[in-house]
Amino acid sequence: MRSHLLNDTTAERYRSSVTEGVERVAARLATTPRPSTGLTAAELARRVEAVDLDAPLHDTIAALDELDELYLRDAIPFHHPRHLARLNCPVVIPAVLAEAVVSAVSSSLGTRDQSAGGTLIERRLIDWTCERLGLGPAADGVFTGGGAQSHLHALLLAREETKEQDPARLRVFVSEAGHVGVQQAARLLGLGEDAVVVIPTDRNKRMQTVALARELERCRRDDRSPMAVVATAGTADFGSIDPLPEIAELCARYRTWLHVDAAYGCGLLASRRNRHLLDGIERADSVTVDYDKSFFQPVSSSAVLVRDRVRGRLPDQAGKSPGTTRRLDALKLWMTLRVMGADAIGDLFDEVCDTATKGWRMLAADPRFDVVAEPQLSTLVFRYIPTAICAPFAIDRANLYARKALFASGDAVVAGAKVGDRQYLRFTLLNPETTTADITAVLDLIAGHAERYLGGETLDRAC
Ligand SMILES: *Cc1c(COP(=O)(O)O)cnc(C)c1O
């Protein structure tokens, strides 16, 4: 079994094994006509359960055949132009190549002596990102396992920054469209039950700064401690960007840590046309970026950046993050920048944002649909509205039905969304291959399914 160890004597087995795996993925790419196979998790669970893990196949080809059945065939093809449901981008080839290198070399970024080259590569990318953010000469950061982990890390630094002794008195402010990771982080940090103060959003799903000012004032009046304001640059549900300059102003006035969640919006850092949408981010104390959301990187690739390495107490790369052994995830972004360059990434992200704007115009002009906010990034939230007068719950059900019917047909995958109490649908556009023609076609399919549903409902007097 030593022949499976990767070393000087097994280079040929390594080459042929990995090539065989790459061939399988390439074959799947070539034969994925639909964005979903409609297979249920229950069916898949039966197949995975049936595998006897104590009876190895002793054969790479057989194991790959099995994997094809269990995973590859039904894995969600994020590269499909009609997969519109999730904040998962299609990935670029230089980054996928880097993944193969990362696993084979298997550096651990614990300390510099474990991987000098890897540590220096990560450092350069942190500096590059801080510079694009405009965080100033003392900025620093570290790659993490994901956006929620980056939030936790940033809020930990914010907590250390306050002089408050009683964690129950600390308050964190985030908009109602902010990420659940903020609540999670507050819990993990041992803050009180009502630590997170939710600020309402405006019509375009951006934090209302008037409401934030009111809550910060109330916090002061009640003798509570404002620990951090989390502004979102690209909400997961709407792609909306909070008014960063006004929020930064309030944070300065109330001496509060400003964390910007740019997990989704960070792609704008590479954009030549739309970088201005992030104006004000340079005043953040900390920032979360998810390169695996809008830099076309494979999961996972995320970082937390901090304005002030002294204040943020980040001594060296090793002590910066919880956990000692870290993967060289940074290599994916490195290869992407060295092969394609940042402008190419920014252009791809601009393209998906342009498609979203065109999609919004189409939806706004189409009497069959109600569309929520004009997109700042690449998300569209909308719903089908029948011409006949219908009970609100019937419209909700028609939209839910349309979503399920689309998935079952394998024609397209769209997400559901709640706006207030009402059921909406969502397109998250992250694929430059998705065209306005795709959007038109999917909207027609949605209208068709919803109408068919309501036609049936009429018989039940729902309308
Ligand atoms: C995805 C996302 C996160 C969380 O990132 P994970 O990598 O899933 O932990 C946080 N905020 C926003 C706005 C996101 O879109």
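Because the structure is a prediction, the values reported are computed rather than measured. Whatever order the structure lists ligands and atoms in, that order sets their numbers, starting from 1.
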How would you list, by chain and number, the residues with a heavy atom under 4.0 angstrom from ligand 1?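 Contacting ligand 1 under 4.0 Å are Leu87, Gly146, Gly147, Ala148, His151, His179, Gly234, Ala236, Asp261, Ala263, Asp290, Lys293.
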
With a 3.5 Å distance limit and no angle check, can you tell me whether Arg307 reaches the backbone of Ala284 through a side-chain donor-acceptor pair?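 Yes, the answer is positive, given that a donor and an acceptor are paired below the 3.5 Å cut-off.
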
Applying salt bridge (charged side-chain N to carboxylate O under 4.0 Å, His left out), run through Arg47 and Glu43 and close with a yes or a no. CA-CA 7 Å; Arg47 289 191 219 161; Glu43 172 55 28; 3.5 Å; yes

Does a side-chain heavy-atom distance below 4.5 Å link Leu152 with Gln184?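 Contact flag for Leu152/Gln184 side chains = no.
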
Can we call the ring centroids of Phe295 and Phe349 under 6.0 Å apart?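 Centroid separation for Phe295 and Phe349: 6.0 Å or greater.
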
Check whether the side chains of Ser225 and Thr162 place a donor and an acceptor atom closer than 3.5 Å, and report yes or no.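 Thr162 and Ser225 do not have a side-chain donor-acceptor pair below 3.5 Å.
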
Non-neighbouring partners of Asp370 that pass side chain to side chain donor-acceptor pair (under 3.5 Å), sequence neighbours left out: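 Residues passing side chain to side chain donor-acceptor pair (under 3.5 Å) with Asp370: Tyr424.
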
